[in-house]
Amino acid sequence: MALTAVKGFNDILPEESARWRHIEQTARRVFEQYGFGEIRVPVMEKTELFCRSIGDATDIVEKEMYTFVDKGENSVTLRPEGTAGVMRAFIEHKLYAQDPVARLYYMGPMFRYERPQKGRYRQFHQIGAELTGVTDPLADAQVLHMLTLFFREIGLSEPTLQINSLGCPDCRPAYRAALRSFLEERLGQLCDDCKRRSDTNPLRALDCKVPGCAEATIGAPSVLEHLCTGCHEHFTTVRHYLELSGTPYSINSRMVRGLDYYTRTTFEMVTGLLGSQSAVAAGGRYDGLISQLGGPAIPGIGFAMGVERVALLLGNQDFSTSPDLFIATMGQGERDLAFRLMDGLLKSGFRIEMDYEGKSLKSQMRRADKLKARYSVVIGENEVTGGSASFKRMNDGAKTETALTVDGIVLLLSTTEL
Ligand code: HAM
């Protein structure tokens with residue numbers, strides 16, 4: 001039997017990867033405009049890093065990590081997300097010593113052992129950005145503005161931004177206690193997972209997809225009503241700046257993130273177009289993470305988007321490049337000239353195609369159509385003798401007589417189209 005890829009791991013074929021490149025290039029352009037520089041960190045880290053950052057009582061650490069013992073008896077894990085590794089690198093290389101305000105972005109594969117479905121895979125790709133060193137709500141608003149601009153630049157009106165605040169170590173314990181006692185009276189209605197973690201991680205019940213849990217949590221206490229003065233002011237100012245910059249958002253006080261490191265602002269870019277995988281991008285503030293990992297007390301905020309989900313939203317839009325010119329030839333003698341021209345034009349930076357198999361003229365023209373070539377030309381004996389040929393612009397059939405020289409053709413192909 002032929003071998004296939006591992007379940008939940010996908011090949012990205014050329015047409016799809018053109019869409020991916022468009023997403024990646026747009027992200028690079030927008031992020032770099034905001035002063036972010038790229039960081040590349042390994043796909044594998046010591047397991048302890050994820051336990052200490054994402055949290056032992058999260059689904060990711062409890063159930064979804066690709067963890068194994070390597071030949072040196074070390075427990076290592078394929079990264080389930082990017083923030084932990086980036087912050088590990090930030091601390092390890094003392095990037096904060098040059099400037100605690102670092103703006104870093106990254107892209108690459110992440111791994112979570114989840115049940116695969118549309119928009120959810122075991123190897124998936126994130127593009128993320130992290131900004132450290134600023135507690136001011138201005139940083140939150142700027143990161144959200146950048147994310148919103150990315151989606152606008154890529155041409156998507158979906159998804160929309162939802163924000164929340166999860167408070168801080170000062171006010172969250174009281175909120176957890178309030179939620180815990182609310183859930184205690186409804187334990188019978190909760191799913192097994194939510195029941196089990198109602199003590200360690202009661203917030204998860206708020207975004208559990210099981211209908212019984214959704215029902216049981218109607219009327220649950222809102223985190224926003226339990227914020228301390230500092231967190232409340234911070235959240236109000238984030239909203240103020242979002243409004244000032246014209247960034248549309250709505251508040252979702254039931255938004256709970258699946259990672260433990262968040263403090264204060266959290267957010268998701270959500271869509272109704274991808275079924276249950278509604279979050280296209282998500283993130284938040286993590287003011288305690290860097291010190292928790294052994295670094296100095298420096299705050300941070302960031303997000304990551306799922307590239308597969310952004311690509312799904314872009315649908316079938318074609319971003320693949322097509323040839324500038326297809327050269328069709330009638331006989332062996334003309335093929336020598338065509339080959340020389342093709343070589344010169346490739347060196348000038350144009351994408352050129354010709355027939356390699358001595359196919360009929362009709363089938364060569366079919367191929368020019370299929371490849372969506374911008375121009376085509378047929379070179380026969382007359383053209384070789386006369387030194388020029390009629391170049392056809394494929395989208396409207398307009399013909400231009402042009403010398404069969406590299407310079408002549410370069411001039412034609414460089415002319416901006418009407
Ligand atoms: P996250 O919400 O776990 O956050 O993931 C961010 C995004 O990655 C999701 O919104 C989704 O688009 C995509 N994603 C997650 N899991 C899968 C999957 N199995 N298949 C396809 N796409 C998926 C984080 O990872 C945080 N590190 C984000 C962050 C950065 N927070 C602060 N800085």
Side-chain angles (χ1 to χ4, degrees), residues 47-67 77 80-81 83-84 112-115 117 120 162-228 230-232 234-235 250-268 270 275-279 282-289 292-293 304:
T47 304
E48 194 195 344
L49 172 69
F50 302 115
C51 302
R52 272 172 60 184
S53 53
I54 299 171
D56 283 321
T58 57
D59 276 354
I60 297 180
V61 171
E62 268 185 359
K63 307 187 210 160
E64 297 169 1
M65 294 210 302
Y66 278 89
T67 298
T77 296
E81 57 107 49
T83 314
R112 295 184 194 175
Y113 194 84
E114 294 191 83
R115 203 164 39 79
Q117 52 173 250
R120 187 167 72 196
Q162 294 187 347
I163 62 166
N164 192 22
S165 174
L166 291 180
C168 68
D170 284 344
C171 53
R172 204 179 311 164
Y175 173 64
R176 283 162 73 112
L179 187 60
R180 202 177 286 129
S181 61
F182 176 88
L183 292 176
E184 236 159 49
E185 290 162 26
R186 293 160 179 82
L187 273 190
Q189 290 168 261
L190 299 182
C191 72
D192 287 347
D193 267 349
C194 287
K195 224 178 265 169
R196 184 174 47 80
R197 61 196 175 192
S198 65
D199 207 34
T200 49
N201 204 349
L203 275 70
R204 294 297 309 179
L206 292 177
D207 79 338
C208 180
K209 301 285 183 292
V210 178
C213 298
E215 218 164 280
T217 54
I218 294 173
S222 158
V223 65
L224 293 176
E225 280 156 24
H226 287 77
L227 297 181
C228 60
C231 288
H232 176 74
H234 194 274
F235 191 56
S250 61
I251 294 179
N252 176 6
S253 63
R254 292 173 66 95
M255 182 202 303
V256 178
R257 306 279 299 117
L259 306 96
D260 279 355
Y261 49 62
Y262 291 113
T263 50
R264 294 190 163 172
T265 318
T266 53
F267 52 88
E268 287 184 353
V270 294
S276 56
Q277 304 314 309
S278 58
R285 185 168 268 288
Y286 44 87
D287 291 348
L289 177 62
Q292 210 172 299
L293 292 176

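Numbering starts at 1 and runs along the sequence shown.
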query: Once you round to the nearest 0.5 Å, how far does NE2 of His234 lie from CG of Asp287?
result: 6.5 Å
- prompt: Can you name the closest pair of heavy atoms from Ile60 and Pro80 and give their distance?
  reply: CG2-CB, 3.6 Å
query: Take atom CD in Glu48; do more than 12 heavy atoms of anything else shown fall under 6.0 Å from it?
result: no
message: Do the side chains of Asp207 and Arg254 get close enough for a salt bridge, i.e. N-O under 4.0 angstrom?
response: no
field: Note, Asp59 side chain near Arg197 side chain (heavy atom, < 4.5 Å)
entry: yes
Straight-line distance of Arg52 CZ to Tyr261 OH, nearest 0.5 Å: 15.0 Å
query: Under the 3.5 angstrom rule, does the side chain of Tyr175 hit a backbone N or O of Pro221 as a donor-acceptor pair?
result: yes
task: Take Val61 and Met65 through the test side chain to side chain contact (heavy atoms under 4.5 Å, CB included) and record every step on the way to the result.
output: CA-CA 6 Å; Val61 171; Met65 294 210 302; 4.2 Å; yes
- prompt: Do you know the tightest heavy-atom contact between Leu224 and Ser253?
  reply: CD1-CB, 3.7 Å
message: I'd like to know whether CZ of Phe182 has more than 12 heavy-atom contacts from other residues, nucleotides or ligands below 6.0 angstrom.
response: yes
- prompt: Does a side-chain heavy-atom distance below 4.5 Å link Ile251 with Ile163?
  reply: yes
statement: Rounded to the nearest 0.5 Å, the CG atom of Asp56 sits from the OG1 atom of Thr200 at a distance of 10.5 Å
message: Can you tell me how far apart NE2 (His232) and NE2 (His226) are? Round to the nearest 0.5 Å.
response: 14.0 Å
- prompt: For Arg204 and Gly258, which heavy atoms make the closest approach, and how far apart are they?
  reply: NH1-CA, 2.6 Å
message: I want to check something: taking the side chain as every heavy atom from C-beta on, are Leu179 and Val223 in contact at a cut-off of under 4.5 Å?
response: no
task: Mark yes or no for whether Arg264, through its side chain, and Ser165, through its backbone, hold a donor-acceptor pair below 3.5 Å.
output: no
Donor-acceptor pair, side chain of Arg176 and main chain of Cys171, under 3.5 angstrom: no
- prompt: Between Arg112 and Glu81, is there a side-chain N and carboxylate O pair less than 4.0 Å apart?
  reply: no
field: Closest non-hydrogen atom pair, Ala205 against Cys194
entry: CA-SG, 3.7 Å
- line: Correct closest heavy-atom pair for Leu166 and Arg172 would be O-NE, 2.7 Å
task: Could you pull out the closest heavy-atom pair between Lys195 and Gly188, with the gap in Å?
output: NZ-O, 4.5 Å
message: Nearest 0.5 angstrom please: Lys63 NZ to Asp193 CG, how far?
response: 3.5 Å
- request: Kindly indicate whether the side chain of Leu293, heavy atoms from C-beta on, has any atom under 4.5 Å from the side chain of Ser53.
  value: yes
- prompt: If you round to the nearest 0.5 Å, how far is CG of Leu203 from OG1 of Thr217?
  reply: 11.0 Å
- prompt: Are any of the side-chain heavy atoms of Asn164 and Asn252 separated by less than 4.5 Å?
  reply: no
